[in-house]
Amino acid sequence: MQIVCSESALASQVWTLLFIERYTAKKKEYSLSAPFSPKNILQASLTEKDLEQLLKEGQDWDVYVMTPSQEKIRLASMTEPELLYFLKDGKMLIPFITIQGNISFKLQSPGLIVRTEQIQFIGKDHLFIKGCFLHPSWSKQPGRLKGMLVLSSSEDEYAYKAPLKIGNRFSSLNEHNHGVSINYEAVIPIKELFIRDYEAVRLKGRIEILYSEANGNSMSASSPIKVKFARFSKRTLIRKRNGQKKAITLAPAPKARQLIISIYPYNFKKNIKGKMNSGIVFLKRHPMIKQVYKHAFYWLGKLPSSKKVIVFESFLGKQFSDNPRAIYEYLKQHQYPYTFYWSADKKCLDQFKDKNVRYVRRFSLKWLFILPRARFWVTNSRMPVWLPKPKQTTYLQTWHGTPLKRLAADMDEVYIPGTTAENYKKNFIKEAQNWDYLISPNAYSTEIFRRAFQFDKDVLETGYPRNDFINYHAAGETKQKLADKYSIPSSKRVILYAPTWRDNQFYGKGKYRFDIQLDLDLMQKMLGEEFVILFRLHYLVSENLDLTAYKGFAYDVSRHEDIRELYVMADLLVTDYSSVFFDYGNLKRPMVFYVYDIEQYRDHLRGFYFDFEKEAPGPLVKTTEEMIQVIKDMQAEGFQPSAKLDSFFEKFCYLEHGDSTRKVVEKVFPKQKTNRFS
């Protein structure tokens, strides 16, 4: 591994090659000394011992250089690494290039390794793909080697097959591994792609090979065709089929980078419009445009305020829900003399269209003119740290939960992508200085909020406005109305599963994933006769669940506008470390805590403010089997809540009697006409 440096950077100082594990709870680091060569090239070699250490201690390793001043610089590469691997004890470590072009190492089971070097149209009649592959079990080219390029659609696993032309082999011998790499080519006649006569289709590409081992056994292996070589951009060919123009595009999937061949009807006007929209998006995201936007926001905030305007936002504009919704509904019901706007994320506008509310798209030009001149901001999550709050604006931060997990300045480590622990805390506290009021659900939370947010202004210890709904709608009529909306039989008990997100499970900045650790087949078998389960994932999690195999038993309600209605509908809450159980406690119904990763979460990811295992108002379980048994036991006992619930209620829910919203509104929002700075 070589890194070219300027002569001025050398100065005989010691730089370090650093490997940081991406996913483990407490990120591991492995470092190597990297001395300079006479040609201004920083060089470092990985020995077999180094590679064994990487294999043993983690899954994915990102590569950095540590400068003499302790600055970490992520290593990038314009070219895909050689077909190298390190094999030890049935595990394989291979280098790869990330979507952003950075160098990383991945641990995986031994299997076929494919590198694609060329993908292009040849004229208007053929598609050409070229590359090479190897398998770690080969010490020489295997016998009876055959290969096939396969294109599959969602409906057809083998929508198209083309034989591979097997080319010359070349040795990949090095001091850590051995084997042979084999060149391949595939030529696909374009007319063959139209045989199935799809109206529109997306085909994924992969390589499949058949070979024989030294003992004569026949083996098979496959691997996706990944588009990772530098400067590959979307390519399109227009062809006529039965008098209709069709477009064939070659492009990598955004995350996995697997080759996708799309075939769809071509329309010149729509194509031009699409290109124009892409250009507009590019301009909007340009750093210069962002700077202009920020300056415009600042200067618009200097203008006289719109005294009667309130802007509401819930979960970054993704929902019409939570404490902001409760405050909004109270103000409207009691005819407070204000104009109300909801800040709505562009991907979630459908959440607002049928609510008879006035909304404005987040970060649009209209939003830019409304927000800096509004008299009040009401939100339950942080605003962007670059937004300068105008002096005449009152900022009510409602927050969105009683804290179990450590927050902001109380966090020891931060695993959120795109930031460091130091920057995360600094930005959090900086934005919190803009708040004029902060709502707290109880005395316990007030103490934590003041310390974790370093907030020294007005804390409104009133209970959460959103929970007024629970107090007024816990009766059976409302519950049945909601059950009818989802076609849930009245004879069945409702389980609400509402887990939180994991800081270290993410695709990228702001995009989190959630791995469901439940055996739904077993749950349906054991509970399906008498129960249904509603899945409500955290707003930061980006997946859409596919529960089609469990129709009638499992429902995805993650996009339901407000979880408070789901609380009322549920006979039983299953959660983990989410603050939802503090709200659900107002109903005094049973709860189960599915904490399969509690040691990791408690000791590394976040940490808890109190002894959760001792004080949780319900049993803690770690497996699906345990959960099923606990639910059956609760059913046999008539769904009585835990004996701990009374003390839990007195500590966390004692303020919430249905009048929290009124207390907040009377403190913050003047009903009578006031002067500009009142």
Side-chain angles (χ1 to χ4, degrees), residues 308-336 338-364 366-367 370-371 374-384 395-401 439 441 464-473 478-479 481-482 484-486 496 498 501 510 534-542 544 555-570 578-580 583-584 658 660-662 664-665 668-669:
K308 297 298 183 180
V309 171
I310 305 175
V311 177
F312 297 86
E313 185 176 278
S314 179
F315 297 117
L316 311 179
K318 296 178 180 180
Q319 295 179 12
F320 173 61
S321 67
D322 207 70
N323 292 316
R325 177 178 177 177
I327 294 168
Y328 164 80
E329 290 174 338
Y330 185 96
L331 291 170
K332 281 206 72 176
Q333 180 184 353
H334 292 83
Q335 299 181 342
Y336 274 69
Y338 295 99
T339 300
F340 309 115
Y341 289 95
W342 276 85
S343 171
D345 183 276
K346 66 179 180 180
K347 296 179 181 179
C348 304
L349 297 181
D350 59 325
Q351 296 274 341
F352 300 87
K353 287 179 179 178
D354 61 347
K355 303 296 187 303
N356 193 29
V357 299
R358 186 184 285 110
Y359 65 90
V360 58
R361 183 167 57 83
R362 204 170 188 246
F363 301 130
S364 66
K366 186 175 181 181
W367 188 88
I370 291 174
L371 196 71
R375 181 66 178 86
F376 296 94
W377 295 350
V378 182
T379 182
N380 65 351
S381 55
R382 292 184 294 144
M383 300 289 271
Y395 185 169
L396 170 60
Q397 173 59 253
T398 73
W399 204 239
H400 52 263
I439 297 177
Y464 277 143
R466 67 188 183 193
N467 290 332
D468 291 349
F469 180 92
I470 295 175
N471 282 277
Y472 289 119
H473 295 82
T478 301
K479 178 180 176 181
K481 182 179 178 182
L482 294 169
D484 290 342
K485 179 178 180 179
Y486 286 96
L496 173 61
W501 57 297
L534 311 181
F535 281 80
R536 171 73 173 202
L537 300 187
H538 193 277
Y539 76 98
L540 284 175
V541 176
S542 58
N544 288 316
Y555 300 76
D556 181 10
V557 295
S558 298
R559 290 181 64 82
H560 186 81
E561 63 188 19
D562 206 325
I563 195 172
R564 64 187 187 177
E565 297 175 345
L566 303 178
Y567 293 149
V568 172
M569 188 161 45
S578 172
S579 63
V580 297
D583 300 319
Y584 193 76
S660 298
T661 309
R662 176 186 60 78
V664 170
V665 167
V668 179
F669 301 95

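Everything numeric here is computed off the predicted structure, so don't read it as measured data. Throughout, numbering of the chain's residues begins at 1 and tracks the sequence. We use all heavy atoms of the structure for the numbers below, so side chains are in, but hydrogens, waters and symmetry mates are not.
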Peer 1: Quick one: CG on Leu566 to OH on Tyr555, what's the gap to the nearest 0.5 Å?
Peer 2: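 Atom-to-atom, Leu566:CG and Tyr555:OH are 13.5 Å apart.
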
Peer 1: Would you call Val357 and Phe340 a side-chain contact if the rule is heavy atoms closer than 4.5 Å?
Peer 2: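 Val357 vs Phe340: side chains apart.
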
Peer 1: Do Arg466 side-chain atoms and His400 backbone N/O form a donor-acceptor pair below 3.5 Å?
Peer 2: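 Indeed, once roles are kept as given, a pair shorter than 3.5 Å links the two residues.
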
Peer 1: To the closest 0.5 Å, what do you measure between NZ (Lys308) and OG1 (Thr339)?
Peer 2: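 Those atoms lie 9.5 Å apart.
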
Peer 1: Atom CG in Asn467, atom CG in Asp322: separation rounded to 0.5 Å?
Peer 2: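 Interatomic distance, Asn467 CG to Asp322 CG, rounded to 0.5 Å: 9.0 Å.
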
Peer 1: Taking only residues two or more places apart in sequence, or in another chain, which ones meet Glu313 in a side chain to side chain donor-acceptor pair (under 3.5 Å)?
Peer 2: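 Glu313 satisfies side chain to side chain donor-acceptor pair (under 3.5 Å) with Ser343, Arg362 once adjacent residues are dropped.
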
Peer 1: Could you grab the distance from atom OG1 of Thr398 to atom CD1 of Ile439, nearest 0.5 Å is fine?
Peer 2: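 Those atoms lie 5.5 Å apart.
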
Peer 1: For the aromatic rings, using the six-membered ring if either is Trp, is the centroid distance between Phe669 and Tyr336 under 6.0 Å?
Peer 2: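 No: the rings miss the under 6.0 Å criterion.
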
Peer 1: Please give me the minimum heavy-atom distance between Pro324 and Phe312, naming the atom from each residue.
Peer 2: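 That closest heavy-atom pairing would be O-CD2, 3.6 Å.
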
Peer 1: Do the side chains of Glu565 and Phe469 get nearer than 4.5 Å, heavy atoms only?
Peer 2: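 Yes, their side chains come closer than 4.5 Å.
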
Peer 1: Compute the centroid of each ring, for Tyr359 and then for Phe320, and state whether the two points are separated by less than 6.0 Å.
Peer 2: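 When the ring centroids of Tyr359 and Phe320 are compared, they turn out to be at least 6.0 Å apart.
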
Peer 1: Mind listing the closest non-hydrogen atom pair of Gly401 and Ser579 along with its distance?
Peer 2: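 The pair with the smallest heavy-atom distance is CA-OG, 3.5 Å.
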
Peer 1: First locate atom CE of Met383, then atom OH of Tyr395, and finally report the distance between them rounded to the nearest 0.5 Å.
Peer 2: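 If we round to the nearest 0.5 Å, Met383:CE and Tyr395:OH are 5.5 Å apart.
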
Peer 1: Hey, are the side chains of Leu496 and Arg536 touching, using non-hydrogen atoms and a 4.5 Å cut-off?
Peer 2: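 Yes, side chains in contact.
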
Peer 1: Taking the side chain as every heavy atom from C-beta outward, state whether Val664 and Leu396 have any atom pair closer than 4.5 Å.
Peer 2: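 The answer is yes; the side chains approach within 4.5 Å.
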
Peer 1: Keeping Lys355 on the side-chain end and Gln351 on the backbone end, is there a donor-acceptor pair under 3.5 Å?
Peer 2: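 Yes.
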
Peer 1: Relative to the ring of Phe352, is the ring of Trp342 parallel (under 30°), tilted (30 to 60°) or perpendicular (over 60°)?
Peer 2: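 The arrangement is tilted - the two ring planes meet at 30° to 60°.
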
Peer 1: Under the 3.5 angstrom rule, does the side chain of Asn323 hit a backbone N or O of Trp399 as a donor-acceptor pair?
Peer 2: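 Yes; judged by distance alone, with no hydrogens or angles, the pair exists.
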
Peer 1: Does the side chain of Gln397 come within less than 4.5 Å of Thr379's, by heavy atoms?
Peer 2: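 A side-chain contact exists here, since the closest heavy-atom pair is under 4.5 Å.
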
Peer 1: Kindly indicate, with the supporting measurements, whether the criterion side chain to side chain contact (heavy atoms under 4.5 Å, CB included) is fulfilled by Asp345 and Leu316.
Peer 2: CA-CA 7 Å; Asp345 183 276; Leu316 311 179; 6.0 Å; no

Peer 1: Just wondering, do Tyr328 and Val378 contact through their side chains at under 4.5 Å, heavy atoms?
Peer 2: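 The answer is no, as the side chains (C-beta and beyond) never meet within the 4.5 Å cut-off.
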
Peer 1: Identify the two heavy atoms, one from Gly317 and one from Cys348, that lie closest to each other, and give their separation to 0.1 Å.
Peer 2: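 Closest approach of Gly317 to Cys348: O-CB, 4.1 Å.
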
Peer 1: Of all the heavy-atom pairs spanning Asp350 and Asp354, show the shortest one and how long it is.
Peer 2: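 Residues Asp350 and Asp354, closest heavy atoms: O-OD1, 4.0 Å.
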
Peer 1: For residues Asp583 and Arg564, determine if any side-chain heavy atom of one lies less than 4.5 Å from a side-chain heavy atom of the other.
Peer 2: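 SC-SC contact between Asp583 and Arg564 ruled out.
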
Peer 1: Do Val557 and Ile563 touch side chain to side chain, with heavy atoms closer than 4.5 Å?
Peer 2: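 A side-chain contact under 4.5 Å is absent here.
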
Peer 1: In Å, rounded to the nearest 0.5 Å, how long is the span from CZ of Phe376 to CD1 of Ile327?
Peer 2: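 Nearest 0.5 Å value for the CZ-CD1 distance: 11.5 Å.
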
Peer 1: If the condition is side chain to side chain contact (heavy atoms under 4.5 Å, CB included), which residues does Ser364 pass it with, not counting sequence neighbours?
Peer 2: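 Once residues adjacent in sequence are excluded, the partners of Ser364 under the side chain to side chain contact (heavy atoms under 4.5 Å, CB included) criterion are Val360, Arg361, Lys366, Trp367.
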
Peer 1: Checking Tyr584 side chain against Ala570 main chain: does a donor-acceptor pair fall under 3.5 Å?
Peer 2: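 Confirmed, Tyr584 side chain pairs with Ala570 backbone.
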
Peer 1: Does the side chain of Asp468 pick up a donor-acceptor pair with the side chain of Thr661 at under 3.5 Å?
Peer 2: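 Short answer, yes.
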
